[in-house]
Visitor: 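The structure's right below; bear with me while I get my questions together.
Here is how names work: the chains are called A, B, and so on, in the same order as the sequence lines, proteins then strands, and each is numbered from 1.
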Amino acid sequence: MRVELKNIGKKYEGRENFTIRGVDLVIEDQEFCVILGPSGCGKSTLLRMIAGLNSITEGELLFDGKLMNKVPPKDRDIAMVFQSYALYPHMSVYENMAFSLAMRKESKKLIDERVREAADVLQISEYLYSKPSDISGGQRQRVALGRAMVRKPKVFLMDEPLSNLDAKLREHMRIELVRLHKSLDTTTIYVTHDQTEAMTMASKIILLDQGKIQQVGKPEEFYNRPENLFVAGFIGSPTMNILKGEIRGGSFQSLDRSLNIKPSQEDYELLKGYENKEVYLGIRSERFLPDKEGSLEVLVEVIEMLGKEKLLYTKLGEHSFIISVPGHSQYEEGKKYKFSPDKGALHFFDGESKERIN
Amino acid sequence: MIKKRKKDLYLSDRQPLTPLGKFFLALNYFVLISYSLVILWPLSRMVISAFNGKQGRYISLSGKYEFSFKHFEYLFKETLYLTWVKNTLVIAVATAILTILIVSFTGYAYSRFRFKGRKTSLMTIMLLQTIPTFAGITAYFTLHSIISDFFPFITRQMMLIFIYTGGGIAANTFILKGYMDSISTELDDAAMIDGCSYMQIYKLIIMPIVRPMLAIIALWSFIGPFMDYMLPKALLTKPESYTLAAGLYTLMNNRETLNQPAFAAGGLLTALPIVILFIVLQKELISGLAQGSVKG
Ligand SMILES: Nc1ncnc2c1ncn2[C@@H]1O[C@H](COP(=O)(O)OP(=O)(O)OP(=O)(O)O)[C@@H](O)[C@H]1O
Ligand SMILES: [Mg+2]
C-alpha cells in the first residue's frame, strides 16, 4: 500500500509548539522505509499518527489515495510492533497472536492456520503455549512480530523493535526482518534512532530532526551526499570531520588560517559564489590518504583499534581530526604523520543555511 | 569432617550478629511475643466462652468449663442473628460489587485519559475523605429524608450501601490508578490496533492484569460493613434491618437482651464469611504479590 503524507503537522495538547510540522512524504508500495532521527525528534509521533493512535493536527494522510485522517486504527489495515513488545501478559503466546483475528470474529480454523503459519516462519512453534513472561527477550520479539503478521496487514509499523535486544541478536534480527519484509509483500515503516539499522535495512531513509524532514533518500545517498550539515554530522560513525572556514582565492581556509585545502575543479566551479563567505568543509575519516607530501601534518594522540580498522584521534594545531586507517597499518601515539584529503570526497556546506553546496 | 564444615558454613547474606545485635534481636522477639499474647489472650477467652456451657449471661473468668453449643443455639433461636447475617451479607456483597464497578471506571479514566481538572478533582475527593464519617451523620440524615421524598423505594439499607461505596471510591481509585499507571500504555495501543474499543481494552486487557488489586479492593469493601457499628446503629431503626455489628451489640448493651457468651459466639461466626472470601480470593492475592512486571 502506498502511504502518502501531505503537510502533516502535530501539536500535542498543552504544548507551546508543533512537535512535527510540514512533513511531506510518499512511501511507495512494498518499500522498507526507515524513519531515523535523534531522541525526541518526533519519530514515534509520526508513526503513531500513521497508525491512528494519535490524532493529526493538520495535513492529510492518504493510504492508496484514500484519506485516513479520521479512520480508527483497527480499520486502517495496519499492524504495529512496539518497543516494549506490548504482549498481553495474561495470555499465552498463541492467544496473543490470535487476539486480533479473534476480535475480528474470524473462524477458529482460520485463526489456528494463521497462527501456526506465522509461528513456523518465526520458529516459535515450541512456545505457543507459554506465557510471555516465560520466554526470552528474543522470543518475545518474535511473538510480537508474529502477532503483527497473522493479520496480513498492508502496512507494518515498527517502533524501535530491536532496541531491547543484545547486539548479536539485533544483528541477526535485522537480516531476518528484511527477509520477512520481502516475503510478505507489505509496506514497512520502521522507526529507529540507530543509523546502522537504518543504513542496513532501509530501501528509503527519512531523517527527521526537530520535527522536520532533513533528507529523504537511499542509504548510500545519505552517506555520500548528505544534504545539510545536520545529516553530515548524524550519519556515519565515526562522525564526519567538520571544519568551519572561508573560501579565499579559490581554496578553503580555516578561520585561523592554519589550514588550506584546495577543492577539486568541479567543486571549485560551485564554490565560486562563496568567495570570502563562510562555509563548512566536511570530510569522512576514511577519506584521508597517507601521503609523504601531504598538506596535513597531524599529531596522533590516541589510537583506537577496532579490528579491521584503526581510528586515529589526531590534532593539527587547534583542529582535531578522526582518521581511519586499515587495522594492520603501523601508527604510534605521540608521533606526527602526513595525510592529504581525498579531493573527490570533500563536502561543502553553506555557512548560513547549512545546506550542501557541491 | 567435611560434613561438619558444611554445617558451620555461614550462609546468610547479612553480616553475622554482634553480641549487642543478638541482645537486641532477643529483645525484639520478647516485645513481639508479649504483644501477640496481649492480643491472643482475650481472643482465646472469647472463643472459650463461646463454647462454655457453664457461662451465664456474663462472661466470668473463673468458673467451670463444659463444652456446649448452648450459646450458638441461643443466638439462632432467641435473636435475629440469621437476619442480621443476611442483611450484612447483602450489604457487603452489594458494596463490594458496586465499589469494584465504579472504581474500575474511575481508576481507568484517571490512569489513561487526560481531561480538565484531572488532578484537582482527585485531590479534592481525597481531601473531603479526611472528614470523619461520623461528622457526616447529620448530612446523611438530611440526605436520606430528601432522597426518600423523591425515591421512596430507597431504603435505609440502600443508603448504607451508597455511603460505604462512596466512602471507598476516592482512596480505591487512587490505589487502582497507581497500579494501572505501571502498566505500559503500549498495551492499550496494541489492543486498539487489534480492534478493541475502550471498554474492551479494559475488560480484556487491563482488568485481567489488575485483578489482584481488584481482589484486594473487593475484600476490603466486603469487610467494611462487617466491622462498622456506628453507621448502621445511627441509620437503621428496626432490629430486623440491623447488620451484624449493630445487632450483636444489642447483646451487650441492652439489659433485657444482654448475653455476653452469645455475643462472643456471634463474633466468632462473623469471621466465617470473611475467612471464606479470603480463601476464595487467595490465588488472586498471592499472584498479585508474585507477578512480575509487564515489560521484560
Ligand atoms: N502525549 C504527549 N503529550 C505531550 N507531548 C508529547 C507526547 N508524546 C510525545 N510528546 C513530545 O513530543 C516530542 C517527540 O516525541 P516522540 O515520542 O515522537 O519522540 P521520538 O522521536 O520517538 O523519541 P525517542 O527516540 O526517544 O523515542 C517530545 O518532545 C515529547 O516530549
Ligand atoms: Mg519513540
Side-chain angles (χ1 to χ4, degrees), chain A residues 12-14 44 47-48 50-54 71-91 95-106 131-141 143-144 147-148 150-151 153 155-157 159-161 164-165, chain B residues 104 107-121 176 179-216 281 283-296:
Chain A
Y12 280 109
E13 214 180 335
S44 299
L47 195 73
R48 292 170 58 86
I50 297 174
L53 295 169
N54 282 356
V71 178
K74 66 182 164 76
D75 300 328
R76 293 194 181 193
D77 211 352
I78 51 161
M80 189 154 167
V81 179
F82 295 88
Q83 181 176 356
S84 69
Y85 313 146
L87 300 180
Y88 310 128
H90 55 291
M91 298 184 194
E95 288 166 327
N96 261 289
M97 288 168 69
F99 188 70
S100 67
L101 291 174
M103 285 306 294
R104 282 175 171 68
K105 307 253 171 355
E106 300 286 355
K131 285 273 166 66
S133 53
D134 299 337
I135 58 180
S136 76
Q139 290 157 351
R140 263 177 240 176
Q141 163 73 55
V143 176
R147 188 171 67 175
V150 290
R151 274 213 356 251
V155 184
F156 252 111
L157 304 175
D159 194 350
E160 314 209 10
N164 282 347
L165 301 180
Chain B
S104 288
Y108 184 59
Y110 274 111
S111 167
R112 290 306 201 246
F113 297 99
R114 281 153 192 265
F115 46 88
K116 276 223 174 70
R118 179 167 169 263
K119 275 204 189 108
T120 28
S121 60
L176 196 64
Y179 197 76
M180 283 182 186
D181 283 348
S182 69
I183 302 171
S184 161
T185 51
E186 287 193 346
L187 278 184
D188 299 50
D189 296 339
M192 185 97 100
I193 289 177
D194 280 347
C196 291
S197 63
Y198 285 118
M199 283 299 276
Q200 285 170 321
I201 293 178
Y202 181 73
K203 208 180 91 196
L204 300 174
I205 310 294
I206 306 294
M207 200 180 76
I209 301 175
V210 299
R211 241 167 60 178
M213 199 41 99
L214 289 179
I216 290 173
L281 291 180
K283 213 183 98 204
E284 308 290 343
L285 295 174
I286 287 175
S287 82
L289 296 176
Q291 208 168 44
S293 69
V294 176
K295 203 174 143 181

Visitor: Output yes when a side-chain donor or acceptor of Tyr88(A) lies under 3.5 Å from a complementary backbone atom of Ile206(B), and no otherwise.
Guide: no

Visitor: Are Asp189(B) and Arg48(A) close enough for a salt bridge, meaning some N to O gap below 4.0 Å?
Guide: yes

Visitor: Donor-acceptor pair, distance only, cut-off 3.5 Å: does the side chain of His90(A) make one with the backbone of Leu204(B)?
Guide: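 Side chain of His90(A) to backbone of Leu204(B): a pair is present.
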
Visitor: Can you give me the closest heavy-atom contact between Arg104(A) and Asp194(B), atom names plus distance?
Guide: NH1-O, 3.0 Å

Visitor: Donor-acceptor check, side chain of Glu186(B) to backbone of Phe82(A), threshold 3.5 angstrom: yes or no?
Guide: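 Here the side-chain-to-backbone pair does not exist.
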
Visitor: Hey, could you give me the OG/NZ distance between Ser197(B) and Lys74(A), rounded to the nearest 0.5 Å?
Guide: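 The NZ atom of Lys74(A) is 8.0 Å from OG of Ser197(B), to the nearest 0.5 Å.
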
Visitor: Return the CE to CD1 distance between Met80(A) and Ile193(B), rounded to the nearest 0.5 Å.
Guide: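 Between Met80(A) CE and Ile193(B) CD1, I get 5.5 Å after rounding to 0.5 Å.
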
Visitor: Under 4.5 Å between any side-chain heavy atoms of Leu187(B) and Pro89(A), yes or no?
Guide: yes

Visitor: Ignoring hydrogens, what is the shortest heavy-atom contact between Met103(A) and Cys196(B)? Give both atom names and the distance.
Guide: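 Closest heavy-atom pair between Met103(A) and Cys196(B): CE-SG, 3.7 Å.
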
Visitor: Checking heavy atoms, do the side chain of Ala148(A), its backbone, both or neither come under 4.5 Å from chain B?
Guide: neither

